[in-house]
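What you see is a predicted model; the values in this text were computed from it and never measured.
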Amino acid sequence: MQWLGFSWGDHEYYASDYFDQLYEWAIRLIKKGKAYVCELTPEEIREYRGTLKEPGKESPYRNRSIEENLDLFERMHAGEFPDGSKTLRAKVDMASPNINMRDPIMYRILRATHPRTGDKWCIYPMYDWAHGQSDSIERITHSICTLEFEDHRPLYDWFLDELEEYHPQQIEFARLNLTYMVMSKRRLLRLVKEGHVRGWDDPRMPTISGFRRKGFTPSSIRTFSERVGVAKRNSMVDYALLEFCLREELNKSAQRVMGVLHPLKVTITNYPEDQVEEMDAINNPEDESMGTRKVPFCNELYVEQTDFMEDAPKKFFRLKPGGEVRLRYAYYITCNEVIKDDDGNVIELKCTYDPESKGGGTPDGRRVKGTIHWVSARHAVPAEVRLYEHLLTIADAAGDVEEGKDFLDYMNPNSLEVLENALVEPFLKNVKPGVNLQFERHGYFYTDPDTTDDKAVFNRTTTLRDTWGKMVKQNKQH
RNA sequence: UGGGGCGUCGUCAAGCGGCAAGACACAGGAUUUUGGUUCCUGCAUUCGGAGGUUCGAAUCCUCCCGCCCCAGCCA
């Protein structure tokens with residue numbers, strides 16, 4: 001049985017393990033009369049290469065003797081010549097319609113410190129003279145790369161055929177593009193270097209470490225990959241599919257919890273001030289085995305600012321003056337009084353509760369459509385919550401960029417929003433980093449590595465599907 | 001007539017001579033103590049276009065059209 005071996009990208013870097021072997025193989029090609037040392041300048045090389053429609057012409061150094069080539073190449077290796085003064089070129093075909101075959105450069109002289117081999121080498125192989133060779137040495141069976149390398153496959157094959165070495169198969173397919181995302185490594189590097197994100201593991205980055213920190217599970221990424229499929233056509237996958245895969249998994253597995261992102265104080269005027277009740281809350285309605293937990297309730301609570309509206313439209317099922325709403329796992333409350341500051345901002349609600357409604361229902365069976373989440377003001381744990389949006393304001397980082405503009409001109413200024421004053425239920429006291437949770441009615445959150453015993457930090461992985469919010473948005477636009 | 005690829009729903013994507021899968025998105029409806037979940041329903045008489053072959057074509061042939069990649073001593 002032969003094992004499948006896959007290789008992917010960055011060959012020059014990884015090929016450093018085989019620099020000695022590559023050097024020997026280059027000498028083998030020289031001895032075969034298939035490579036020569038060229039002294040054309042970069043400008044001349046470009047000129048001699050021809051254009052897309054016109055053939056190139058041969059370098060005057062193309063027909064040196066094997067002995068001379070050997071001597072020159074060894075001296076290049078020994079460091080006798082200045083950077084850029086000479087190259088080793090494969091002798092293929094200057095008239096080839098495929099420009100990659102017009103005597104491609106194999107080695108250039110470059111005094112650079114390699115991250116792995118340091119200053120040992122002053123000649124470095126080009127991508128094409130490293131890709132197939134390192135694949136071959138590693139007994140790769142299938143060398144996977146992206147579409148733009150289709151033109152390089154004939155050269156990949158040529159080198160291996162001339163070398164008469166084990167010959168892996170290069171297979172190309174389309175790279176993954178995600179809407180509103182920067183996917184190119186070179187661009188990602190800019191985001192990091194220029195400080196547009198906090199680092200390679202910034203939750204907005206489409207890196208494995210970024211996805212992990214945002215809260216995407218490995219299996220959700222795998223499911224996503226399977227659903228996207230593999231093909232050769234350039235495509236742009238909707239980020240919504242990734243979110244769907246995450247929700248699908250976490251809906252079944254994530255611990256539910258109540259967290260208030262923008263707190264609004266609620267005082268229950270008819271609830272005994274010194275009383276505290278422990279309410280039973282379900283940990284996951286999709287998985288009974290996850291059991292229940294206790295949530296403390298008292299006369300001082302915080303609810304979500306967006307769950308109250310003074311002039312509420314008809315379909316607003318949440319808290320409004322004179323309206324009744326259910327506090328999840330607790331009681332029905334009715335809003336009697338709205339307290340505002342000098343600027344007219346609502347800062348507190350005075351409500352009464354129905355003692356008959358404990359647990360969320362009443363003997364008279366009256367219908368209360370809205371259910372909102374809450375935390376006890378006296379028991380809640382302060383937390384920092386980080387909300388993320390798309391990094392870009394355009395879906396296609398390559399195609400939607402206008403003439404003369406750069407993808408950085410389309411950075412979403414709201415891609416990160418930090419909420420310093422969020423409150424979560426005491427169940428989350430001392431949560432550890434690396435946990436996926438669902439904040440009920442909000443979305444899925446992941447405890448960030450910045451979390452300490454004193455302060456929890458939550459990253460929003462994705463929101464819940466929100467048909468109400470969508471409707472509100474649409475109405476605003478019209 | 002430079003070469004190399006690719007065209008199937010808004011987005012991905014199966015299909016490879018015999019009735020156009022599926023998923024996301026979207027739109028309706030039912031259930032619901034998360035405006036979540038779940039459940040129903042709808043969503044390509046047509047596959048870039050035009051001819052041709054065939055009893056039969058998204059699939060085979062011809063021509064045309066559109067999009068992507070290639071002229072780094074980058075990968």
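Using a 4.0 Å heavy-atom cutoff across all strands shown, A231(A) reaches sugar-phosphate atoms only and no base atom.
For W374(A) and Y302(A), the gap between ring centers reaches or exceeds 6.0 Å.
The pairing partner recorded for rG42(B) is rC26(B), the criterion being a Watson-Crick or G-U wobble arrangement whose two distances lie under 3.5 angstrom. When Watson-Crick and G-U wobble pairs are counted only if both distances are under 3.5 Å, rU62(B) pairs with rA50(B). Using N1 to N3 plus N6-O4 or O6-N4 for Watson-Crick, or N1-O2 and O6-N3 for G-U wobble, each under 3.5 Å, rG15(B) pairs with rU8(B).
No hydrogens or angles were tested; on distance alone, a donor-acceptor pair under 3.5 Å links the side chain of R318(A) to the base of rG35(B). No donor-acceptor contact under 3.5 Å links the side chain of E148(A) to the base of rG4(B).
Using a 4.0 Å cut-off, no side-chain N or O of R465(A) falls inside it from OP1 or OP2 of rA25(B). Side-chain nitrogen and oxygen atoms of K470(A) include at least one within less than 4.0 Å of the OP1 or OP2 phosphate oxygen of rC26(B).
Base orientation of rG56(B): anti, since the glycosidic angle falls outside 90° of 0.
Comparing the same atom, C1', in rU38(B) and in rU32(B) gives a spacing of 9 Å after rounding to whole Å.
Summarising the geometry, the separation between CZ on R227(A) and P on rU11(B) is reported as 20 Å, rounded to the nearest angstrom.
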